[in-house]
J.: 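Following this message is one structure expressed as structure tokens.
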Amino acid sequence: MNSSKQFCLSLLSKCKTLKSTKQVQAYVHKTGLDTDPLVAGKLLLHCAISISDALDYARRLFLHFPNPDVFMYNALIRGLAESETPQNSLLTFIEMRRKSVFLPDSFSFAFILKGVANYRSLRDGVQLHCQALCHGLDTHLFVGTTLISLYAECGRVDFAKQVFEEMSEPNVVTWNATVTACFRCMDVEGAEGLFSQMPFRNLTSWNVMLAGYTKAGEVQLARQAFSDMPIKDDVSWSTMVVGFAHNGLFDEAFGFFRELHRERIKPSEVSLTSVLSACADAGAFEFGKILHGFIEKAGFLQIISVNNALMDAYSKCGNVGMARLVFQSMTVRRSIVSWTSMLAGLEMHGHGDEAVQLFHEMEESGIRPDGITFISLLYACSHAGLIEQGCAYFHKMKNSYSVEPAMEHYGCMVDLYGRAGRLQKAYEFVCQMPISPNAIIWRTLLGACSFHGNIELAKLVKERLSELDPNNSGDHVLLSNIYAVAGKWRDVATVRRSMTDRRIQKSPGWSMIEVDKVMCSFVAGERQNKITEEAYDKLTEIMSKLRVEVGYVPEVRSVLHDIEGEEKENSVSRHSEKLAVAFGIAKLPKGRTIRIVKNLRVCGDCHSMMKLISKVYRIEIVVRDRSRFHLFKDGFCSCRDYW
DNA sequence: GTAGGGTTAG
């Protein structure tokens with residue numbers, strides 16, 4: 001290789017941005033090396049893979065070559081396969097088969113199969129499997145391994161195992177992929193069988209077992225495997241943190257992270273984002289703050305994903321102010337994820353106007369919003385009651401940014417109209433959707449009917465819902481509540497009976513609060529341990545104080561049960577969020593904000609009571625419910641009683 | 001000259 005060629009390639013490998021890459025490209029052009037297949041191919045690969053947001057440029061670059069070689073096709077296929085629209089990789093693959101004289105090689109198949117795995121099409125996967133077979137490449141080490149992952153993605157562990165059986169010399173990666181395939185299809189025994197037969201195991205094989213066990217809910221088995229494994233790396237630790245968090249075992253999750261720290265294992269940026277996501281799920285604000293301190297000290301604020309995860313964790317822990325601070329102090333260039341995370345944070349907390357403002361700043365900064373950005377923006381409009389603006393953005397999304405509305409966007413619009421009480425408009429909107437509405441869409445509408453007390457439409461909507469998702473307990477409870485509020489006890493009884501007949505059980509409500517860096521959870525009506533005893537005692541005290549000072553009377557209209565007065569009062573006074581707040585008042589330092597995470601929506605009585613507590617006790621209470629935050633302060637809530 | 005398995009932010 002001549003020296004100027006070598007020089008160009010080494011320059012290229014150092015380029016981190018599209019701008020610098022274009023400078024090298026200009027130099028390449030000047031030296032006449034732009035027609036050299038090796039240099040041209042590397043340039044294309046660099047744009048398609050190594051640089052973010054340069055895939056479109058790579059596609060345009062590709063069009064400049066009248067006779068692209070297989071390397072160039074492979075580079076583009078790979079870039080498209082890993083993009084947000086992996087379907088396009090198949091189009092390029094087909095174009096290559098039609099236009100070119102050369103045959104696809106093992107790289108072509110490995111990349112295209114990855115693309116198909118990313119959009120999970122069994123049909124396309126099988127077709128390409130056949131083609132690979134015709135070229136004698138179906139049992140190729142890399143092609144076969146990718147095929148195994150593809151079939152696992154499509155839920156066909158049987159096909160995955162068959163590919164594995166046919167491979168003559170599977171290596172450790174192939175074995176690991178097959179074990180993962182079993183776990184992904186919930187075949188825990190199959191995974192264990194393979195693991196025990198493996199002729200070689202490295203660290204990753206053990207990590208596969210940890211991830212698989214925790215995803216299958218087998219936390220005990222994961223714990224056992226973790227203690228059995230000969231060496232552990234930071235992936236092993238973060239897998240445990242994430243795994244425990246996903247199973248709701250937040251204290252164990254954070255315990256693992258603390259131990260990682262004690263063992264002096266250096267967390268990577270990925271393991272830090274994992275732990276932050278566990279904080280976000282748990283709503284563990286205090287723990288998040290500790291992590292923030294560590295991240296700052298260890299120099300991780302240079303990494304964009306860590307900033308983004310930090311913002312997300314702060315927002316979901318109820319402190320959008322800290323999220324804003326992280327966003328404003330970022331020294332690295334904000335990505336689309338950074339902007340969208342901030343937007344989502346503002347949306348969750350009901351700062352609709354600020355979210356709209358931020359969206360305009362985002363547009364001005366030159367970052368192009370995508371479908372996910374619009375989901376947050378539309379919800380922000382909905383939660384803040386900005387109806388006209390929401391409609392305008394829905395059209396702008398399509399017309400100015402060519403983002404096709406997906407199910408979630410339609411959901412936002414139904415929410416927007418529904419909350420505002422424009423139920424007929426919402427219903428017509430659903431009926432006119434170009435894609436068939438799913439259960440979530442109908443459920444959103446049912447929620448709106450419940451809020452505005454429209455029984456007739458609720459009945460109609462529930463019928464549609466029953467066709468799509470007949471056994472959802474929440475839907476039955478919602479319909480029953482609508483009847484209960486209207487005093488239609490006979491209809492309540494009918495719904496209750498149909499639930500009993502179909503053995504549908506109400507999912508229990510729970511609430512969590514972080515006290516002394518320990519997550520304490522409360523379940524409605526549960527009275528088991530010392531913690532709940534203490535919460536009950538405090539709650540009784542609070543309720544009598546509220547009765548005396550502000551004349552609080554429990555709001556029992558929405559109680560599901562067809563039970564009598566005093567019983568009803570007892571039933572709402574045992575709600576988990578009340579217990580959690582009472583526990584917080586008893587345990588936290590005076591004046592400290594009380595932060596609660598709840599799995600269901602807050603009921604009307606809890607909502608009124610929180611407002612009163614915030615006034616009488618002069619404290620702020622932040623409640624994260626299923627879909628948003630409520631900040632109670634001086635007797636008012638940030639949701640303006642509109643949730 | 002390009003790859004496949006484990007944790008990952010909107």
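All heavy atoms count here, side chains included; hydrogens, waters and symmetry mates do not. In what follows, chains are A, B, ... by sequence order, proteins preceding strands, each numbered from 1.
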J.: Select base, sugar-phosphate, or nothing to describe what A/S268 touches, counting heavy atoms under 4.0 Å on all strands.
T.: nothing
J.: Using salt bridge (charged side-chain N to carboxylate O under 4.0 Å, His left out) as the criterion, list what pairs up with A/R78, not counting sequence neighbours.
T.: A/E82
J.: Heavy atoms under 4.0 Å, any strand shown: does A/L141 hit a base, just sugar-phosphate, or nothing?
T.: base
J.: With sequence neighbours excluded, tell me which residues meet salt bridge (charged side-chain N to carboxylate O under 4.0 Å, His left out) with A/D281.
T.: none
J.: Mind checking A/A75 for me? I need base, sugar-phosphate or nothing, with any heavy atom below 4.0 Å counting as a touch.
T.: nothing
J.: When we call it a touch if two heavy atoms are under 4.0 Å apart, what does A/V235 touch: a base, just sugar-phosphate, or nothing?
T.: base
J.: Quick one: the side chain of A/N176 and the base of B/dG4, do they pair up donor-acceptor inside 3.5 Å?
T.: no
J.: Here's a test of your reading of the structure: between A/F111 and A/E84, which maps to the more 5' nucleotide of DNA chain B?
T.: A/F111
J.: Between the base of B/dG1 and the side chain of A/N74, is there any donor-acceptor pair under 3.5 Å?
T.: no
J.: For a quick check of understanding: with a heavy-atom distance under 4.0 Å over all strands, which category does A/S376 fall into, base, sugar-phosphate or nothing?
T.: nothing
J.: Parallel under 30°, tilted from 30 to 60°, perpendicular over 60°: which one fits the rings of A/F183 and A/Y213?
T.: perpendicular
J.: Under 5.5 Å centre to centre and under 30° between planes: does that hold for A/F71 and the six-membered base ring of B/dG1?
T.: yes
J.: If you look at every strand shown and take non-hydrogen atoms under 4.0 Å, does A/S341 touch a base, only sugar-phosphate, or nothing?
T.: sugar-phosphate
J.: Describe, in one word, how the ring planes of A/F327 and A/W339 are oriented to each other, choosing from parallel (under 30°), tilted (30 to 60°) and perpendicular (over 60°).
T.: perpendicular
J.: Over all strands shown, is A/H140 touching base, sugar-phosphate only, or nothing at heavy-atom distances under 4.0 angstrom?
T.: base
J.: Going by heavy atoms in the side chains, are A/T21 and A/Y57 under 4.5 Å from each other?
T.: no
J.: Any base atoms under 4.0 Å from A/S106, or only sugar-phosphate, or nothing? Heavy atoms, all strands.
T.: base
J.: Using a strict heavy-atom distance below 4.0 Å, which residues from residues 299-317 of chain A are in contact with DNA chain B?
T.: A/S305, A/N308, A/A309, A/D312, A/K316
J.: Just call it for A/R184: base, sugar-phosphate, or nothing, with non-hydrogen atoms closer than 4.0 Å on any strand.
T.: sugar-phosphate
J.: With side chain to side chain donor-acceptor pair (under 3.5 Å) as the test, pick out the partner of A/Y151 among A/R184, A/Q162, A/R156, A/H129.
T.: A/H129
J.: Does A/T239 reach a base, just sugar-phosphate, or nothing at all? Heavy atoms under 4.0 Å.
T.: sugar-phosphate
J.: Is A/I336 touching bases, backbone alone, or none of the nucleic acid, heavy atoms closer than 4.0 Å?
T.: base
J.: Name the residue from A/D233, A/D234, A/T239 that meets the side chain to side chain donor-acceptor pair (under 3.5 Å) definition with A/S236.
T.: A/D233
J.: Taking atom types as they are modelled, is there a donor-acceptor pair under 3.5 Å from the base of B/dT8 to the side chain of A/S274?
T.: no
J.: On DNA chain B, does the nearest nucleotide to A/I372 precede the nearest nucleotide to A/F142 from the 5' side, or the other way round? Give the residue.
T.: A/F142
